[in-house]
Amino acid sequence: MSLNRVSSLETFAILQVPTDQRSRRSSDASARARKLSFNPIPQEWDAPTLDSVHAVGAFEVRKWKRVLQVVATVIYCLFAAGIVFGFAAIKPVLIDEGAYRETCAAPGAGDPKAVKKCQDIKLNTMFTVAAVATNVAALPIGAILDHYGPRVCCLMGSVFLAIGALLMAFESQVPFDGLFFGYLFLALGGPFTYISSFQLSNAFPRNSGLILALLTGAFDASSALFLVYRKIYESSNGAFGHRKFFLGYLIVPAIIIILQFILMPAQSYKTVGELVEEIEEPMRDPQPYDQIDEHTALLQEEERQHHAEVVEGVQKVLGTTKADKQAKREEKKNEISGVWGVMHHFNALDQIKSPWFILICLFTVIQMTRINYFVATVDTQYEALLSEEKSVELNHFFDVALPVGGIISIPFIGTVLDRTSTVTVLSVLVTCATIIGLLGIIPEMWAGYANICLFTLYRPFYYTAVSDYSAKVFGFRTFGTVYGTIICLSGLLNLAQPGLVYLFHYTFHDNPLPVNIMLLSAGLIVGTALVTFVAIKAKHIKRQMLEQEAEAATSSSFLNPRWD
């Protein structure tokens with residue numbers, strides 16, 4: 001899950017004086033309409049946000065404090081945001097320490113292979129539910145964040161992390177499945193912590209992209225935490241068990257809670273659009289001269305002085321020149337996209353019923369299932385395709401490549417999404433997904449390494465491209481509803497993943513090829529349909545724009561004839 005390309009809670013506003021050269025679709029985008037919210041509830045249904053969590057301007061907080069807030073957030077996201085996706089690294093440790101061994105011993109009558117297969121299925125189910133939870137959690141997180149602010153949201157995440165660590169540590173002493181529910185709470189704690197930090201991009205509007213890149217990098221790199229622990233576990237010959245690790249991990253939510261009260265903001269920072277609205281808001285009309293007394297004159301002077309201070313503060317954090325350049329860059333990116341604004345004027349329900357939504361949702365369901373299925377079964381797949389020794393080698397490589405690939409891909413993702421059309425982006429997604437599927441069925445070591453390298457680069461690109469598509473096609477006004485629905489449905493349908501694992505182990509007798517071919521075929525069919533639909537629509541939109549420009553030019557010539 002990654003949301004970096006939609007600029008989180010930042011609002012982009014057109015800060016220049018309107019000109020005739022502005023594009024048709026970008027000229028009608030107001031600052032208020034383009035505010036991005038993760039609240040899944042449509043605005044017309046939503047209750048007013050509480051006054052206690054009204055946003056604050058970045059200029060109202062000292063620079064050193066804002067810098068510390070960003071640094072602290074990046075660090076604790078590195079230890080909390082997406083640790084459950086390091087499942088492939090911690091899975092061997094849990095199996096070695098006997099996870100589900102007693103439960104699995106009876107069906108297999110003590111057969112080691114049968115017991116290991118049973119353990120694998122149960123642990124994969126644990127991961128699947130956790131991965132689904134990270135997606136579904138985005139729905140309540142959006143509403144909580146919009147209504148109660150980032151501090152409450154992050155505190156809830158810290159509590160979930162603490163509960164998850166305690167359950168993982170004492171899983172053998174609780175009367176229920178401690179591993180399952182412990183991993184589930186760890187998964188819930190991640191997005192509560194991560195999504196609530198997006199608003200910090202508005203602490204430094206000029207560097208919002210850099211801040212979002214740092215947060216995204218921290219999320220991707222957080223999966224390496226379990227890799228580091230596994231290395232420690234192996235070097236200690238199993239003496240540093242998972243109980244000691246998760247008890248030690250309790251220091252992470254404790255530090256996050258302390259930081260929330262001594263450093264982090266209780267309210268979100270104002271977006272660029274809100275800052276611009278604040279300085280453009282007209283002052284109250286002065287009272288007639290004969291009605292002004294000493295008290296009224298003093299109030300008017302204080303209001304003028306306050307407005308001047310606000311304008312100065314906003315200009316200091318935005319920078320007029322940079323804002324003008326940013327506006328031009330945004331307009332250019334919108335034009336390059338080819339489909340920007342196509343569904344912006346429709347309500348959320350009409351957007352969800354459209355082919356634009358249905359096709360991207362189906363594609364997301366298939367690709368998310370493939371991604372999580374591969375993360376959960378990379379070791380057992382290559383054990384069947386190659387050998388146990390080569391599987392261990394590839395699994396260790398995957399543990400390192402997963403966080404590293406997420407970090408390396410960040411600058412390339414931004415370049416591709418900003419400088420290519422949406423049709424091109426979707427075509428690249430479908431092509432990469434197909435190549436990954438083909439590499440996954442080749443029983444060669446080189447294919448395994450190539451598959452893992454491409455997969456670790458594709459995963460963050462895919463998640464980011466879906467959020468970018470949603471923002472461009474459906475708009476910021478309904479982003480929380482539409483994107484939240486895509487991720488939620490995809491997550492819920494991922495609950496079918498244990499069925500795929502069962503097919504892999506039992507129906508196809510540990511042969512990974514049939515399941516991989518099914519996922520490859522489904523992704524290729526739906527992906528091709530999506531690219532074809534968007535390409536046809538983009539071509540139609542371009543033709544309409546050319547016709548409108550021609551009509552406008554003809555009308556201008558008629559109204560302003562040249563007399564030579």
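Throughout, residue positions are numbered sequentially from 1 according to the sequence presented.
Contact check for Tyr76 versus Thr193: side-chain heavy atoms found under the 4.5 Å cut-off. Residues Phe87 and Met126 form a side-chain contact, since some pair of their non-hydrogen atoms from C-beta on lies under 4.5 Å apart. Residues His242 and Tyr233 fail the side-chain proximity criterion, which asks for heavy atoms closer than 4.5 Å. Between Val473 and Gln351, the closest side-chain pair of non-hydrogen atoms is not below 4.5 Å. Here the side chains of Asp379 and Pro92 are not in contact, with every heavy-atom distance at 4.5 Å or above. Under the 4.5 Å side-chain criterion, counting only non-hydrogen atoms from C-beta, Leu417 is in contact with Phe461. Side-chain contact between Phe374 and Ile452 is present, with heavy atoms from C-beta onward closer than 4.5 Å.
Rounded to the nearest 0.5 angstrom, Ile256 CD1 and Ile75 CD1 are separated by 11.5 Å. Here the SG atom belonging to Cys432 is positioned 13.0 Å from the OH atom belonging to Tyr462, to the nearest 0.5 angstrom. Taking OG1 of Thr456 as the reference point, atom CD1 of Ile371 lies at 11.5 Å (rounded to 0.5 Å). Between atom NE2 of residue His396 and atom CZ of residue Arg230 there is a gap of 3.5 Å, rounded to the nearest 0.5 Å. Rounding to the nearest 0.5 Å gives a distance of 9.0 Å between SG of Cys77 and CG of Leu200. Once rounded to the nearest 0.5 Å, the distance linking CG of Leu145 with OG of Ser268 reads 5.0 Å.
Residue Val132 forms a side-chain contact (heavy atoms from CB on, under 4.5 Å) with just one option from Leu495, Leu184, Leu493, and that option is Leu495.
Using cut-offs of 30° and 60° on the angle between ring planes, the pair Phe398 and Phe455 is tilted.
Remark: the Tyr463 side chain and the Gln367 side chain contain no N/O donor-acceptor pair separated by less than 3.5 Å.
A cation-pi arrangement, defined by a distance under 6.0 Å to the six-membered ring centre and an angle within 45 degrees of its axis, is present between Arg459 and Phe85.
The ring-ring contact (aromatic ring centres under 6.0 Å, His included) test applied to Tyr249 returns no partner, not counting sequence neighbours. Under the rule for a side chain to side chain donor-acceptor pair (under 3.5 Å), the partners of Asn372 that lie at least two apart in sequence or sit in another chain are Asn494.
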What donor-acceptor contacts under 3.5 angstrom involve side-chain atoms of residues 151-166, with partners at least two apart or in another chain?
unit_1	atom_1	unit_2	atom_2	d
Arg151	NE	Gln260	O	2.8
Arg151	NH2	Gln260	O	3.0
Arg151	NH2	Met264	O	2.9
Ser158	OG	Cys154	O	3.0

